[in-house]
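Structure record follows, encoded as structure tokens.
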Number of protein chains: 2
Amino acid sequence: MKTISSRQNPWFKRLRDAVHDHAGEIVIEGPKQVADAIGGGWRAIAVIERGGEAEHPPENVSGTAHLSLSAELFDAVAETRATQGVMALFERPQFTLDMILRQRESIVVALDGVQDPGNVGSIVRLAAAFDAAGVALLPGCADAFGPKAIRASAAAILTVPVVNVTAHDLIAARIPLFAAQQTANAAAVPSKNAIIVFGSEGSGVSKEIAQSATSIAVPMSSRVESLNVATAAAILLWRSFEARSR
Amino acid sequence: MKTISSRQNPWFKRLRDAVHDHAGEIVIEGPKQVADAIGGGWRAIAVIERGGEAEHPPENVSGTAHLSLSAELFDAVAETRATQGVMALFERPQFTLDMILRQRESIVVALDGVQDPGNVGSIVRLAAAFDAAGVALLPGCADAFGPKAIRASAAAILTVPVVNVTAHDLIAARIPLFAAQQTANAAAVPSKNAIIVFGSEGSGVSKEIAQSATSIAVPMSSRVESLNVATAAAILLWRSFEARSR
């Protein structure tokens, strides 16, 4: 395998674009994450090693290119420290809100203005852990397919349908809408046929959503004012899962 | 108020040491966090502004020095982007395991080898949200009083007793010991008179703890192998709080 060392090489440019823009293609970093994605049925367009250094080079998979980038080029592309010398290029999964809403036996997770990619990725992982139908991202959220969100999702991003939507899309879906809020008058956490919206920790969900949604909450001590959004989501999505599993 | 601009100034050195070593003194960054700490009864040794720029300079509190550091020195000290031009120096709170264990009506949270300061801080915040008696840090954990952990705790660090302990200390306490594990044979989550230990996501709790502890777990889908430790702690500490509130 020849090691690519020129910044003019089309593979280098394609990988860099996937890491930065994650529009049509995305990059998964780290040998375990890449193996999990391939094991989960995703076909890698290319598997890339750092300077041919990988201790356990990924096996050859038909239809997948195997490349080696020089250490300098590899490090210029990689955005997290989790690569351990391996990354892979995949097509960005494409889903629609309709595909997610069809699964009425579970709930849909929606995020509203959650800017931190670590929180978005953590909540994608929670959606997988607690069998949500999918994740809908309202305006103002970090892209779930950016490197930091993918890393926080621990590669769950490839098992959870994620779509970008507007508040109007969610309201027009005519499925019961719930919003996580700090309130004393909270309803029971829904187990199915519902959309649960989480806003940012500072400003909560948008007015449009709040007006159409029933409030649910995490009961807690008065010693803290609020919880981190991924923490609140962990508790409420677990409660939904638990109610569904009964 | 004179602005300090020399690296030889004793206040500059003292602040830098508090941020780096957080041994006898600690630094809280951000106007809201500083105000919350002072509101919570903590006496600030000094409140520090960045080049006299603060839009809302903290009020004068008797016994507290008010300083202004030049932008260059302030930025050299601050370790997070959350300062908004304000930080304050406090004495590091000192607690003992005995002080925490005395509160038998709640549970004690223990962390074993949790290296990420963000996770340690998040769990300190959860301990406040769900009224745990305190947090005990076993060897291998990030210091709860480092700047990243303090930031992740959203200043809950000043309302939750945190102590450093050994596995032997916890076992010798003769209080029922529980460990969060991925297991099918999990016991009920205890509501009081118990210590709950969380290990790192990769390696779990240490052997010594595992041998003495009863396993508790978060039931979840087989789609993910594990949860982030702060996420698992959110769910289990909420369940303990909820059982205690009944």
Side-chain angles (χ1 to χ4, degrees), chain A residues 32-33 35-36 39-40 81-82 106 116 118-119 121-133 151-161 182 189 201-202 217-246, chain B residues 32-33 35-36 39-40 81-82 106 116 118-119 121-133 151-161 182 189 201-202 217-246:
Chain A
K32 180 169 184 317
Q33 287 71 19
D36 283 353
R81 287 181 213 152
S106 184
D116 178 70
N119 282 334
S122 294
I123 293 172
V124 168
R125 187 178 184 185
L126 291 165
F130 301 128
D131 275 339
R151 179 167 148 77
S153 85
I157 189 71
L158 290 176
T159 75
V160 175
Q182 289 306 332
V189 179
E201 192 183 332
V218 177
M220 61 182 185
S221 155
S222 58
R223 285 164 68 187
V224 301
E225 275 173 35
S226 61
L227 292 173
N228 167 280
V229 61
T231 302
I235 297 164
L236 292 171
L237 296 180
W238 177 79
R239 288 173 68 186
S240 176
F241 172 80
E242 205 248 343
R244 211 155 45 240
S245 313
R246 265 186 214 137
Chain B
K32 181 170 185 315
Q33 287 71 20
D36 283 353
R81 285 181 214 151
S106 184
D116 179 70
N119 282 333
S122 294
I123 294 171
V124 168
R125 187 178 184 186
L126 291 166
F130 301 128
D131 274 340
R151 176 166 149 79
S153 85
I157 190 71
L158 290 176
T159 75
V160 175
Q182 289 307 330
V189 179
E201 191 183 333
V218 177
M220 60 182 185
S221 154
S222 58
R223 285 163 69 187
V224 302
E225 276 172 33
S226 60
L227 292 173
N228 167 279
V229 61
T231 302
I235 298 165
L236 293 171
L237 296 179
W238 178 79
R239 288 173 68 186
S240 175
F241 172 80
E242 205 250 341
R244 210 158 43 241
S245 314
R246 262 186 218 139

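What you are looking at is a predicted structure, and each value in this text was computed from that prediction instead of being measured. Residue numbering restarts at 1 for every chain, and letters A, B, ... go by the order of the sequence lines. Both backbone and side-chain heavy atoms feed into the values below; hydrogens, waters and symmetry mates do not.
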Legend entry - CD1 on A:I235 to CZ on B:F241, rounded to 0.5 Å: 10.0 Å

Legend entry - B:A230 versus chain A, the contacting section by heavy-atom distance below 4.5 Å: neither

Inset, instruction - Tell me, out of A:V160, A:D36, A:V224, who's got the most heavy-atom pairs with chain B below 4.5 Å. - result: A:V224

Inset, instruction - For the pair A:R239 and B:E242, find out whether any cationic side-chain nitrogen is under 4.0 Å from an anionic carboxylate oxygen. - result: no

Legend entry - Greatest number of heavy atom pairs closer than 4.5 Å to chain B - which of A:A234, A:A129, A:S245: A:A129

Inset, instruction - Return yes when atom CD of A:E225 has more than 12 non-hydrogen atoms of other residues, nucleotides or ligands closer than 6.0 Å, and no otherwise. - result: no

Legend entry - Which portion of B:S226 sits near chain A, non-hydrogen atoms under 4.5 angstrom: both

Legend entry - Min side-chain heavy-atom separation B:F130-A:L227 under 4.5 Å: yes

Inset, instruction - Output all residues satisfying side-chain hydrogen bond (donor to acceptor under 3.5 Å, both in side chains) with B:S221, sequence neighbours left out; order by chain, then residue number. - result: A:D131

Legend entry - CG-CE distance between B:L237 and A:M220, expressed to the nearest 0.5 angstrom: 13.5 Å

